[in-house]
Amino acid sequence: MSGIASGMTLFSALMLLLLVRVPIGVAMFMIGATGYVWFTGWEWTPLLNSLKNLAYARLSNYDLIVIPLFLLMGQFATHGGLSRSLFRFVSAFLGHMRGGIAMAAVGACAAFGAICGSSLATAATMGQVALPELERAKYSGSLATGALAAGGTLGIMIPPSVPLVIYAILTQESIGKLFMAAVVPGVIAMVGYMVVIQIMVRLNPGSGPAGPRVGWGERVRSLLVVLPVLLVFVVVIVGIYGGWANPTEAAAIGAAACGVLAVVNGGLRWRGLWHVGLGTAQTTAMIFLVLLGADQLNTALALSQMPTELAAWVKDAGFPPLLVMTAILLVYVLLGCVMDSLAMILLTIPVFYPVVMGLDFWGLSPTDKSIWFGILALMVVEIGLVHPPVGMNVYVINRIARNVPLTETFKGVVPFLLSDFVRIAVLLFFPVLSLVLVRTFQT
Amino acid sequence: QQVVLKVHHFLPGTSNVHRNLIQPWCDKVAKDSGDKLKCQIYPAMQLGGTPAQLFDQARDGVADIVWTIPTYSAGRFLKSEVFELPFFTRSAKGSSTAFWHFVQKNALDEYAGVKPLWLHTNDGSSFHLTSAKGVRSLDELKGLKIRAATRLNSRMLAALGATPVQMPLPAVPEAMAKGVIDGAMVPWEGVPAAKLQEIARSHVDVPAGEPKFANSIFAFVMNKAKYDGLPADLKKVIDANSGAETSAWAGEKGFDSVVVPFHKLATDRGNQVLALPAAELARWTKATADIDEQWVKEVSAKGGNGAALLEDARALSRQYDK
Amino acid sequence: MDSLAVAATSPGAAGPHGRAPAEGAPDAFGPGGRVLLRACEAAAVAGALVFTVLVGMSIVSITGRKLWAAPVPGDVELLQMCSAFAASSFFAYCHLNRGDVKVDFFTERLPDRWVHGLDAAGSLLVGLFGALIAWRTAAGALMVGAAGETSMILGVPLWIGQALMVPGFVLLALAGLYMAAWHWRRARAEARP
Ligand code: NA
Ligand code: NA
């Protein structure tokens with residue numbers, strides 16, 4: 001059987017397991033292990049021997065340690081009430097405009113995203129803070145929930161970002177460079193969402209009434225409260241980009257700083273700390289289980305030769321590169337209907353990455369191409385969090401907004417989704433947007 | 001009947017070692033066997049695990065052949081490690097030959113379960129530093145943060161008064177660019193792969209003809225059972241492409257031959273390529289003498305005759321690595 | 001990512017599955033399950049504590065390196081060994097808390113007993129995975145121990161790092177088996193009129 005055929009067999013078997021609710025990590029592992037035995041001539045010993053290494057190789061990986069550390073940081077930020085002060089701060093400056101409170105919620109999501117690596121956590125925590133305020137200001141349910149569901153995705157689009165760490169590890173790319181590359185596209189996403197809000201309130205002024213204007217005294221006070229949070233952000237960013245720490249170390253600094261803030265300013269106590277521990281454990285385990293499974297699956301895929309054969313086939317077939325890229329991005333959108341972003345990255349990058357690297361896009365160098373593709377993949381898998389039918393962010397936000405029907409929220413998300421597609425097209429045609437900061441800070 | 005060999009290693013498929021050693025070796029074996037032996041090369045740890053686990057993968061049959069740095073498993077290849085002692089090797093070709101003979105004579109027990117096909121060293125580590133003025137004396141090295149590659153390398157840096165910093169190799173260019181470390185000890189062979197010629201401003205070698213600061217050992221080994229199970233004609237092909245001469249070939253083709261062109265990469269960018277003054281070299285050698293002693297003690301503690309092994313390795317070096 | 005991140009990150013906003021059910025609720029754990037859950041919670045928090053300590057060590061190391069060119073010796077290898085242990089202690093809690101990433105799109109409209117039946121099979125696979133990895137990791141630790149491998153700088157025997165991961169995976173095996181039985185009982189209970 002050819003590599004592509006045997007690889008496809010594995011993928012079909014995997015889809016079957018996923019269909020019947022087997023946890024993704026374990027499904028990947030089982031298929032990977034079976035494939036491994038298949039490709040080694042139905043011998044069990046090589047598999048059993050290779051499994052001696054699997055867990056320690058993966059869990060002791062130095063780059064991977066940033067994930068629990070960033071999650072710990074996000075936990076401290078969430079339990080320490082940092083989201084509230086961020087929202088108050090942005091709201092003090094934007095709240096008086098028409099649609100301003102929704103814009104403030106998006107801005108606060110972006111700011112929170114800068115200290116949190118997870119999108120659902122951002123959506124949930126900002127939702128709890130901002131939704132009551134939006135309701136009080138008589139925002140329409142669809143605009144309020146739509147803005148927050150979309151804003152939540154900024155948690156991952158603004159670095160630090162767990163899927164980017166995974167991408168970096170899979171492709172041996174630099175985490176620092178990928179984070180840097182995500183900054184401009186992340187800010188574009190935030191601005192795009194704010195523009196959408198403005199358009200929506202122009203079209204329907206009743207949907208987002210202006211709030212009261214806040215005096216400068218209040219503004220300064222809100223700034224003072226939020227200053228420590230900004231400081232953490234600056235420390236982490238400067239730590240990574242500016243020079244004295246690698247991402248793992250910067251994550252440690254960020255976690256420590258957020259921890260201190262949460263205890264000193266946020267009144268976090270033993271009970272809260274217990275939940276910080278459990279929350280970190282829960283999310284880390286969820287991610288790492290998928291990683292362990294993907295490791296086994298990727299080994300089996302490598303043995304099948306599918307990724308190399310597929311890359312060679314696409315290259316030789318002479319398809320226009322942009323067509324191939326568009327097809328890849330469409331596959332992500334489709335997969336996003338049933339699967340979550342981390343699993344998508346882990347499942348597809350080992351297959352798609354060699355294909356992309358074998359093609360020429362705008363004459364980009366291999367390093368530039370790999371960073372650019374990482375950002376595109378990140379953006380497109382994040383869409384899966386807001387589009388039907390799975391759209392986890394939509395469910396999370398909708399559950400907080402008890403009196404808004406689910407259909408309203410999905411309707412509210414549509415314009416933001418459109419801005420996502422526009423942004424992805426822009427990033428596809430202008431790689432420089434992803435690469436400008438990387439190039440600027442490169443020595 | 002075609003036999004497919006799974007060859008596993010940790011470098012990317014674009015690396016010098018992959019393209020100029022492993023691939024040509026595989027091509028040669030395929031040609032000599034009339035295509036009855038075929039390699040399937042898996043670069044970049046595609047079969048899973050970490051570089052330190054490669055050796056056991058060959059031993060356990062997870063892969064048929066691996067190319068690895070045995071000393072990534074610290075404490076396990078104590079005897080072979082002698083070629084990583086400071087100021088021990090001169091050329092990769094010569095020291096690879098000496099290393100092969102040393103292992104055949106004294107250290108085959110460290111390779112139980114595998115058949116060493118070729119063993120080699122590199123062209124010797126040099127200092128690659130971010131400062132333009134480089135380092136000309138022990139005092140100038142003092143307090144510099146240098147990335148250490150191995151256990152002995154780290155000890156050596158500490159003995160010289162530098163601060164050894166541990167970090168994964170791929171992190172080195174970024175750490176240097178941002179001043180987290182002041183430099184790294186890497187052989188010239190590794191310079192372009194890490195783009196060190198772009199990040200470093202100066203490179204410090206030993207004076208011409210003197211033994212190199214440090215080295216690393218490499219092993220291309222095959223699962224023993226896989227080898228034993230080959231038909232006699234294919235065994236012959238493997239035998240003809242392994243041993244002292246193949247080891248010398250690996251040292252020369254993979255390492256010695258790239259030093260001059262890679263020097264040029266650095267000088268073309270206006271970097272300084274310095275040689276340590278001869279008088280300084282004596283001070284450096286003296287400062288690191290204890291490391292030899294420490295190694296002798298460690299080997300003896302594990303039941304080997306450390307002093308005799310050290311002397312034998314030196315004798316082989318004198319014979320093959322002039 | 002994070003199907004359940006939200007339940008974990010903000011206890012206030014119940015996630016898609018919510019936290020472990022309260023005592024007396026129809027889907028409550030029995031006494032054995034509660035003991036297991038406590039053990040898994042303790043392991044999870046202990047792991048998080050290890051990460052917190054590692055955060056402290058990293059900061060000491062960065063400061064030392066920056067100010068006095070004196071990082072904590074062997075900081076990287078300590079970080080690697082300890083976080084492997086800490087991460088391994090998280091898995092069982094995540095599974096007991098029903099925090100695995102699953103595709104539930106295709107089974108949304110199935111009756112509850114079917115879903116519980118499928119989840120029983122899924123949990124059984126999780127249990128098998130935990131047992132297999134625990135067994136192989138222990139074998140790996142023995143192998144590395146026999147070879148006398150140590151860490152690079154500090155010379156810590158490497159088998160310790162691997163052996164420390166075994167209890168976490170044993171706990172995962174138990175959690176998987178327990179949840180398989182639990183889901184199975186729920187499926188049977190739903191099937192009764
Ligand atoms: Na983020
Ligand atoms: Na609702």
Side-chain angles (χ1 to χ4, degrees), chain A residues 18-26 29-30 48 51-53 55-56 59-60 62 65 68-69 72 74-75 78 118 120-121 124-125 128 162-163 244-245 249 252-253 255-256 274-275 277-290 338-343 389-390 392 395-396 400, chain C residues 1-6 8-14 16 41 44-45 47-49 51-52 54-56 58-59 62 66 76 79-81 83-84 87-88 90-91 93-94 97 99-107 115 118-119 121-122 125-126 129 132-133 136-137 139-140 143 161-162 165 169:
Chain A
L18 294 186
L19 203 97
V20 296
R21 293 176 62 85
V22 177
I24 290 183
V26 171
F29 175 84
M30 293 297 167
L48 290 180
L51 288 184
K52 287 195 273 196
N53 299 328
Y56 192 71
L59 300 184
S60 68
Y62 185 77
I65 300 170
L69 295 186
L72 188 62
Q75 286 285 322
T78 310
S118 141
L120 286 185
T125 182
Q128 284 171 76
V162 172
W244 29 268
E249 293 170 338
I253 299 171
W274 181 265
H275 284 294
L278 288 182
T280 309
Q282 166 91 47
T283 319
T284 305
M286 201 176 62
I287 295 172
F288 280 12
L289 188 67
V290 181
V338 294
M339 215 182 253
D340 82 336
S341 54
L342 178 71
V390 183
M392 281 305 304
Y395 290 101
V396 167
I400 302 172
Chain C
M1 59 164 300
D2 47 22
S3 303
L4 209 107
V6 100
T9 36
S10 51
E41 280 183 355
V45 172
L49 207 62
F51 274 119
T52 314
L54 291 175
V55 162
S58 297
I59 287 175
I62 300 163
K66 197 72 198 159
V76 169
L79 200 66
Q80 290 179 305
M81 280 176 125
S83 50
S88 71
F90 289 162
F91 292 111
Y93 170 72
C94 178
N97 208 15
D100 308 298
V101 194
K102 289 181 182 175
V103 177
D104 42 18
F105 171 64
F106 301 101
T107 45
V115 172
L118 292 174
D119 282 350
L125 286 180
V126 172
F129 169 80
L132 182 63
I133 296 294
R136 296 323 294 161
T137 304
M143 175 182 78
Q162 301 208 21
M165 298 170 58
F169 285 110

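For clarity, every value in this text was computed on a predicted model and none was experimentally measured. Quick note on labels: first sequence line is chain A, next is B, and so on, each numbered from 1.
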[X] versus [Y], closest heavy-atom pair with distance:
X     : Y      : answer
A:L48 : C:R136 : O-NE, 2.9 Å
C:F51 : A:L69  : CD2-CD2, 4.1 Å
A:K52 : C:Q162 : O-OE1, 4.0 Å
C:I62 : A:E249 : CD1-CB, 3.4 Å

With a 4.5 angstrom heavy-atom cut-off, is it the side chain or the backbone of [X] that approaches chain A, or both, or neither?
X      : answer
C:M81  : both
C:I59  : side chain
C:L49  : neither
C:A121 : neither
C:L79  : both

Can you check whether A:L278 reaches C:E41 side chain to side chain, under 4.5 Å on heavy atoms?
->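 Contact flag for A:L278/C:E41 side chains = yes.
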
Is there side-chain contact between A:L59 and C:M165, with heavy atoms separated by less than 4.5 Å?
->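 The answer is yes, as the side chains (C-beta and beyond) meet within the 4.5 Å cut-off.
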
Name the option with the most non-hydrogen atom pairs under 4.5 Å to chain A; the candidates are [options].
options                        : answer
C:D119, C:T137, C:L132, C:I133 : C:D119
C:A48, C:G122, C:C94           : C:C94
C:A84, C:G140, C:A87           : C:A84

Using a 4.5 angstrom heavy-atom cutoff, name the option from [options] with the most pairs to chain C.
options                : result
A:A255, A:S60, A:P68   : A:S60
A:W274, A:F288, A:Y395 : A:W274
A:A256, A:A252, A:G277 : A:A252
A:V22, A:N53, A:T284   : A:T284
A:I253, A:V290, A:V26  : A:V26

Which answer fits [X], side chain, backbone, both or neither, if we ask what part of it has an atom under 4.5 Å from a heavy atom of chain C?
X     : result
A:F29 : side chain
A:L51 : both
A:V20 : both
A:L72 : side chain

Value rounded to 0.5 Å, distance of [atom1] in [X] from [atom2] in [Y]:
X     : Y      : atom1 : atom2 : value
A:L18 : C:F106 : CG    : CZ    : 8.5 Å
C:Y93 : A:Q282 : OH    : CD    : 5.5 Å
C:F90 : A:T283 : CZ    : OG1   : 9.5 Å

Looking at residues at least two apart in the chain, or sitting in another chain, which of them share a side chain to side chain donor-acceptor pair (under 3.5 Å) with C:Q80?
->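 C:Q80 satisfies side chain to side chain donor-acceptor pair (under 3.5 Å) with no other residue.
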
